[in-house]
Amino acid sequence: MPVKGWIEVNPLYCKGCELCVSACPQDVISLDMEHLTPKGYHPAYLVMDGCTGCGICALVCPEAALTVYREVPQRAARAVV
Amino acid sequence: MPVKGWIEVNPLYCKGCELCVSACPQDVISLDMEHLTPKGYHPAYLVMDGCTGCGICALVCPEAALTVYREVPQRAARAVV
Amino acid sequence: MVAIAPTQLVYQRPESLSDTPTHYCPGCTHGVAHRLVAEVLDEMNVRESTIGVAPVGCSVFAYNYFDCDFVEAAHGRAPAMATGIKRVLPDRVVFTYQGDGDLASIGMAEIVHAAARGENITVVFINNAIYGMTGGQMAPTTLPGQKTTSSPGGRDVEQMGFPIRMSEMLSSLDGTGYVVRRSLHDPKNIRLAKKAIRLAFETQVRGLGFSMVELLSSCPTNWGLTPLEALRWIEDHMVPVYPLQDFKVSPAVAEIRV
Amino acid sequence: MVAIAPTQLVYQRPESLSDTPTHYCPGCTHGVAHRLVAEVLDEMNVRESTIGVAPVGCSVFAYNYFDCDFVEAAHGRAPAMATGIKRVLPDRVVFTYQGDGDLASIGMAEIVHAAARGENITVVFINNAIYGMTGGQMAPTTLPGQKTTSSPGGRDVEQMGFPIRMSEMLSSLDGTGYVVRRSLHDPKNIRLAKKAIRLAFETQVRGLGFSMVELLSSCPTNWGLTPLEALRWIEDHMVPVYPLQDFKVSPAVAEIRV
Amino acid sequence: MQNEIIIAGFGGQGVLFAGQVLAYAALDEGREVTWIPSYGPEMRGGTANCTVIISDEEIGSPLVRNPKAAIVLNLPSLEKYEPMITAGGVLVANSSLINRCPERSDISTVFLPANDIAESLGNKRLMNMVALGALLELMPVLSIQAIEKALDNHLPERHKRLLPVNYQALRRGAEFAAQQAVLAAIA
Amino acid sequence: MQNEIIIAGFGGQGVLFAGQVLAYAALDEGREVTWIPSYGPEMRGGTANCTVIISDEEIGSPLVRNPKAAIVLNLPSLEKYEPMITAGGVLVANSSLINRCPERSDISTVFLPANDIAESLGNKRLMNMVALGALLELMPVLSIQAIEKALDNHLPERHKRLLPVNYQALRRGAEFAAQQAVLAAIA
Amino acid sequence: MARELWKGNEAMAEAAVRAGVQAYFGYPITPQTEVLEYMSKRLPELGRTFLQAESELAAINMVYGAACTGVRVMSSSSSPGVSLMMEGMSYIAGTEIPAVLIDVVRGGPGLGNIAPSQGDYNQIVHGGGHGDYHPIVLAPSSVQEAIDLTVLAFDLAEKYRLIVIVLADGSIGQMMEPAELPPMRPLRTEYPEWSVRGAQGRERRILSSIYIDPIDEEVMNYRLMRQWSEIEANEIRYKQYFLDDAEYVVIGFGTAGRVALSAVRAARAEGIRVGLFRPIGLSPFPYAQIEALTEQAKAILVVEMNAGQMLDDVLRAVKGRVPVEFYGRMGGIMPFPDEIEAEMQRIIQVPPVLNGDPRKKWLQRFGKVIHAE
Amino acid sequence: MARELWKGNEAMAEAAVRAGVQAYFGYPITPQTEVLEYMSKRLPELGRTFLQAESELAAINMVYGAACTGVRVMSSSSSPGVSLMMEGMSYIAGTEIPAVLIDVVRGGPGLGNIAPSQGDYNQIVHGGGHGDYHPIVLAPSSVQEAIDLTVLAFDLAEKYRLIVIVLADGSIGQMMEPAELPPMRPLRTEYPEWSVRGAQGRERRILSSIYIDPIDEEVMNYRLMRQWSEIEANEIRYKQYFLDDAEYVVIGFGTAGRVALSAVRAARAEGIRVGLFRPIGLSPFPYAQIEALTEQAKAILVVEMNAGQMLDDVLRAVKGRVPVEFYGRMGGIMPFPDEIEAEMQRIIQVPPVLNGDPRKKWLQRFGKVIHAE
Ligand SMILES: Cc1ncc(C[n+]2csc(CCOP(=O)(O)OP(=O)(O)O)c2C)c(N)n1
Ligand SMILES: Cc1ncc(C[n+]2csc(CCOP(=O)(O)OP(=O)(O)O)c2C)c(N)n1
Ligand code: SF4
Ligand code: SF4
Ligand code: SF4
Ligand code: SF4
């Protein structure tokens, strides 16, 4: 069972360039056509489950708009705690 | 018997740098300590026989002060005439 | 009560970036280059001893986006300005961030001499094959045949000259310690670019001479492409002309382990 | 009557030199370079279609010594000025004559870009490792350790930078057709230098791109040597740092037979 | 007699072109005219605007603090220019992107969904023409015909096929403005 | 009371240094002084000169058209400066390199073989000191002793060993001038 | 040719083409770039020379070279780029050859911004490189004038063998107005007797700015100054509006002048007897004409888009005979007509006094205008 | 310290060292090169920074960078090299940081020659790069003054955060005179609150000349102008000679001023009541002081080693109240005192009239002086 991850998109920075959208290996990011950022762009967001927290979206993001988290598998978790 | 040659030194240009003097394979050029050029230099001149008209002095002269002549050996002479 | 799985932070915005949003066009990889530099400053923990020199070009406002001391140079003179700073503050980390018009056109003399002097500075060179800020004129790095607003018929190399490969040219100078070219068009290359930027800064802090990382970067706006198409364009058209290689890695630099 | 042996003229002052005596110091090989260029203009019979561009440096008065049209450029800008001339008069022969301070220091941007553009001009580059006219300051080409009036302790490459090898650097540019280095320190090398100058001008008249001949030249006055010692100094100290080679001979140029 | 019109909105909303069409039409009608844009990098992403002045005599300043009319296609532009318009002037505001009503009562206002009308015509880039049509209805400094002629004369060849729908856009804008005026009168 | 001295000759004849020695001596004597050279590339090969002004008050112009005295070490310098000297002034000319006599009778002149005297002292570079000695004999603006002190104080270390012969040169010049003056008086 | 709608920058470029410019060398810079872009398309079409130089420094030296061949040649730039041309301009002046430069001024100093400004007045009119020389400087206030003056620039440059600078500003460059272009002139086929084009069957020619002997340099400087006196006599240009019965005179050039025109019209509408004097040639400057105005004017208001650079020249002309007041906007801001009208009203209500420095007085008032204190 | 014999160029260099210059960046050019050569030896001895830049353009931008760190930094050059620094100077002004430049002026325009001249007055005092700003300009007339003004230059540059230029000429640079140097000042160990040296435990600092919004640029320009008014009030410098009872006034700066002094002394010796006013600060210019002189002077003679550049500023100050005459030598020629004395005699014999342009009148006469016609 794959690790579970998620991203936070900071609307202050995101410009809806879609580079993360096309870079995401799991294809789980897309633009949110319902909302506009303060600068007037449609921001990226996680459309569905499946994010593994691989961080590739953050790697390609020109605006450093992304924060990426990952759920720590139990074994690792102990290590962490 | 080697070809006979000679040089003319234009005192307008010669600066007595002695580069021709040291370049001359026959060692027949030297500076004329008796005379000064209009610019106040001791000019180069042919001190003795032996110039073969090889033209090396002219090749190294920074001032293009030298004209080089050579006597044409009889055979060649016909060709020339 | 329910057990909550502990979570781990995979990536967050680097500290060395200020919280000012950039003015770059959506998808412009200037932003990626900024981020990578900031990550390296964080990792090397030199933000507080770093002084950046911004160019004239789209990145003219770079000083707003980094959380370190910054100065703004005249067009093309960033290497001279950086030299002035580094010479009086040799223990600070000094870097310039320059576009291809700034560095390879008007600033040619200053970059060549900074490299020849072995100035201990790091140069982040953004090669996007065009003048972005002024609206898409030809750069020295513009590709043969490429249409720009000042080469409307496409760059005719016979009339307008050949693309200049700065990294190749500068690497012939003895003062250079580390000169490489990387690209920002996909995750793999972005990772390699970051490694290179790290090595360039390490070269500087060790006093091993002039270091420069040339980065192939996109200008979707003036190329008239979407951000994604622009990345493809880098891969398909720029990389063949600007090979991604190490052009100068001095022996001392080769030994650096990070 | 006596038979007079017919005589043959082995060498005489070239027509393309005016009859003005130079202001160069005795034994300065600037004069040799002038002579060779003039001989080539004679041989190619292009004196009347040639326009020379003089630099700022000891050869600032070059225009007085050649019997062809001439202009005098600002310090380092000869390649730009030559470009302006050549672009409006493409069928004329345009050459610049520049010292190492003029070409390699202040004029770096202009020479690099003229080369990158493949400007169809010929550059005669006099490398004497020093600033002659201003009284012997350090040039970009000054040798490591060499004492000059602005590097009184000798050139410390760590502080003052490394010698710049212009021919090597420029030959990396696609616009160059012919880039070589020769020396003026003895008859053999002077002959080779002349051949190179001829080839450079042939490159231009055939429209085969930018051509440059770098000539290692003496500055007895500022080196503090006699003219003869100065030639030795070239051979012993300069040639090892500035190898006498062909750095760029484009295929088309390689085919030229003269 | 001089009329000043400011057209403002996001870059890409065609505000500069709308102004040029006005200017061309004025030229073709033999009037004096100036068109002056905001220019430079701030256009990137940010807002763009242009000022068009149409007059019967040599025009002095190409900029005015208080224009006779303004077309505002987004909220920032409304906030910037509504207060500037001279009393008795005209304001055309794009309700598609502006979520609050204009406030002034001493000017005649059209609040029209330019984007929606344009999209209903199958091309949202026509919003500028819709707004222009509305303006001319309330401020007949030039006839719709003149604008159409200008479009015909100056639209780049490759866009000529779009002429009819541009005409439509102008008229739809004008009609909408006319109706609103009527309603205003009734109310 | 202000005295102006011009020293002129070929580059390499030490005219600039002779002027500096004068200036140093004046300084050590607490006088006001200026030394100004001809400078730049024309020195290469060509002629060099410097003007020294010694005064008791703040010196205005560092150049004068008509100096009180001139030392000329070659023909061009004689031709240039002889006519310039103020009436009653002093001219020291180097007969070793000048093949014609000075012409003016309204100034006191020394025509001395500076090169030959210097060579007789075993070092022809001393010709400038010989000439300087002669000048001071006719125009005692400073004492020979003052010059010697200046040489002692300001001659670069590596040349210090040459001090005695420099002194000699000064005195030989002075003596020659004195004799010539006597002869002139007799004649 | 009929009137068409032209953008200032493109109009100046096309005007140069019509005037027979053979070669253009330039470097991009806002707000001038359209000149270069236009030339990059137009000149190759005509088989003439366009080259984007590596810098303004290179561009002016390319112009220098091309000018030596006797053809019509030009460059264009904006403030920072023009600063880089100072050495080259001095060389061109010292070589006595013709060249044309367009400076589309932006806000400064330094990188500043790209908005319209007149901050280069001093550098162009008084500074302009080392040594004793003067360029002719022409300041258009409309697209039509920009066209006419660009053509004139080439004629004057050639007539007097010097640099002529068209000093525009960002608004002239970016504005569109109806304008008429002159017919296309044929390119020259004969070249001046000084031009360097190869010594084909004639004595060689040399073009240089060196006069190593000061005596020669002085003679050359004298020649330049004598010629300048001639230019001062022949090449004064200005336009007057409503001056016949004017008691108050506004003086402004270029865009500031045309903005002032609106203000003057408005004031006239209220019956104020005010007129406008707009210098078109800034160098040589219309000193005599302005001095003459002191006989009718109760006061003079100078309006500029800078901190009062032309003001100093006006003061020289006025010789303290009538009060001079100043109003300027700086850093890329264009004044609105109402600001200038307000200044006129103020001057009429509170007649200004003779003594005191107009610039200092303005700064006192101006602090409040921009809420700087 | 005792008086020693110093060459002007070396004296200025050592004065800068004593004043605590931390870094020097320059490029060789006659007649200034000794400053660079001296620094190349002296600064490394002291462990300070000397760097021969690749050009004047690079040098001024290195100065710009070093100045941003808050240390004392300078460059030096001569006319053509200074022209290449115009953009950099404008940037330094726009960034409001201190820097010192020495310009040892030579004959121009163009390459011209290397002889002493004052031909850069306009470029330095009025021109000096694009945009609205003023450098402080100090003009020494002796080696001692060159020393004192060089030290002062650093103090003023720092006090007002701007460029101060020491405007010398070839003769000041090459001349030797007795002079006394100030004691060595300790290098600074604390740095101004604006200096960029790394954001160690503080907010980051940015130094830039951009104000992309004209509103901000205008506020910055206003700040510069307000400060300049302050400088005009505080930093006027000049020296007066024999003026108390003078009926005729000679005005000249730098070397021209000291040559004039000889002429004035000679005239006084003949009982002529003439005095000398020598501006030491050229920017700000002593307008008020010169205006005041019009109350005692029957006529004013301006003497320069150029074609009358400061003359225009004198005319502005004089406001046409007394006749002004001009005498200049150009292209690298230094006037002899007798030329100036002759001019005074002429003025006394034929009292000059108020109207007419002094420069034109001079040119009329001057043609004969140099046999140019
Ligand atoms: C002296 C000078 N010349 C020209 C300009 C105008 N200018 C600003 S940015 C720029 C080129 C920018 O292109 P590049 O360096 O490639 O950076 P990019 O915008 O593509 O990131 C130019 C020519 C200027 N500001 N200053
Ligand atoms: C803008 C400018 N900077 C500096 C100078 C002074 N200058 C004249 S020649 C020269 C250098 C000459 O050296 P180089 O080019 O090597 O030629 P060389 O004299 O050795 O033949 C310099 C710095 C100048 N004339 N103009
Ligand atoms: S890459 Fe960054 S800026 Fe682009 S859409 Fe994704 S989060 Fe937004
Ligand atoms: S090489 Fe030439 S200049 Fe030198 S001595 Fe010989 S002839 Fe004279
Ligand atoms: S113009 Fe090009 S380089 Fe500039 S920000 Fe936009 S995309 Fe990036
Ligand atoms: S100084 Fe040197 S380079 Fe110049 S002429 Fe003399 S020897 Fe030749």
Side-chain angles (χ1 to χ4, degrees), chain F residues 1-7 15-44 46 48-67 81 84 86 142 146-147 149-151 153-155, chain H residues 2-9 29-34 78 104 106-107 113-116 141-145 169-180 239 241 250 252 255-266 276 278 303 329 332-342:
Chain F
M1 175 54 185
Q2 172 168 307
N3 289 292
E4 310 93 9
I5 302 117
I6 286 179
I7 310 178
V15 300
L16 299 188
F17 180 71
Q20 288 183 356
V21 172
L22 256 181
Y24 278 119
L27 169 69
D28 297 347
E29 299 279 295
R31 318 278 290 278
E32 292 297 332
V33 61
T34 60
W35 170 93
I36 186 167
S38 61
Y39 59 88
E42 73 274 11
M43 284 175 64
R44 215 167 279 148
N49 73 70
C50 66
T51 302
V52 176
I53 299 182
I54 299 170
S55 169
D56 304 321
E57 62 176 351
E58 177 185 357
I59 296 168
S61 176
L63 290 183
V64 289
R65 187 190 307 276
N66 306 114
Y81 294 109
M84 294 294 178
T86 48
L142 293 162
I147 302 292
K149 208 150 101 278
L151 278 168
N153 296 342
H154 304 284
L155 206 64
Chain H
R3 291 171 86 216
E4 288 175 60
L5 206 59
W6 280 93
K7 183 171 223 184
N9 281 337
I29 182 168
T30 313
Q32 161 278 157
T33 303
E34 294 83 1
S78 178
V104 184
R106 57 189 250 177
N113 59 45
I114 59 178
S141 72
S142 69
V143 172
Q144 184 64 61
E145 209 169 46
D169 64 58
S171 69
I172 303 280
Q174 297 297 324
M175 182 168 54
M176 288 180 95
E177 279 188 306
E180 191 172 344
K239 192 164 176 194
Y241 305 79
V250 181
T255 295
R258 86 181 268 170
V259 172
L261 176 58
S262 298
V264 167
R265 282 217 193 94
L276 170 68
R278 181 167 63 82
V303 178
R329 294 308 300 259
I333 292 193
M334 267 170 73
F336 286 115
D338 57 5
E339 301 171 53
I340 298 169
E341 202 190 338

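- The most heavy-atom pairs under 4.5 Å with chain F, out of H:Ala263, H:Pro116, H:Ala260, come from H:Pro116.
- The two atoms that bring F:Pro62 and F:Thr51 nearest to each other are O-CG2, 3.6 Å, heavy atoms only.
- The contact between F:Val33 and chain H is made by backbone and side chain atoms together, counting heavy-atom distances below 4.5 Å.
- Looking at F:Glu58, both its backbone and its side chain come within 4.5 Å of chain H, counting heavy atoms on both sides.
- Of the two parts of F:Leu27, only the side chain, counted from C-beta on, holds a non-hydrogen atom closer than 4.5 Å to a non-hydrogen atom of chain H.
- Side chain of H:Arg258 to backbone of F:Gly60: a donor-acceptor contact under 3.5 angstrom is found.
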How far apart are the C-alpha atoms of F:Glu32 and H:Arg3, what are their side-chain angles, what is the distance that settles it, and do they pass the salt bridge (charged side-chain N to carboxylate O under 4.0 Å, His left out) test? CA-CA 11 Å; F:Glu32 292 297 332; H:Arg3 291 171 86 216; 3.2 Å; yes
H:Asp338 vs F:Arg65, test: salt bridge (charged side-chain N to carboxylate O under 4.0 Å, His left out). Steps then yes/no. CA-CA 8 Å; H:Asp338 57 5; F:Arg65 187 190 307 276; 2.5 Å; yes
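- With a 4.5 Å cut-off on non-hydrogen atoms, F:Ile59 touches chain H through its backbone and its side chain both.
- Among the candidates F:Ile53, F:Ile36, F:Asn66, F:Val52, the residue making the largest number of heavy-atom pairs closer than 4.5 Å to chain H is F:Ile36.
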Test log, rule side-chain hydrogen bond (donor to acceptor under 3.5 Å, both in side chains), inputs F:Gln2 and F:Glu57: CA-CA 8 Å; F:Gln2 172 168 307; F:Glu57 62 176 351; over 6 Å; no
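- Between the CD1 atom of H:Ile333 and the CG atom of F:Leu63 there is a distance of 11.5 Å, given to the nearest 0.5 Å.
- Of the listed residues (H:Ser142, H:Pro337, H:Ala256), the one with the most heavy-atom contacts under 4.5 Å to chain F is H:Pro337.
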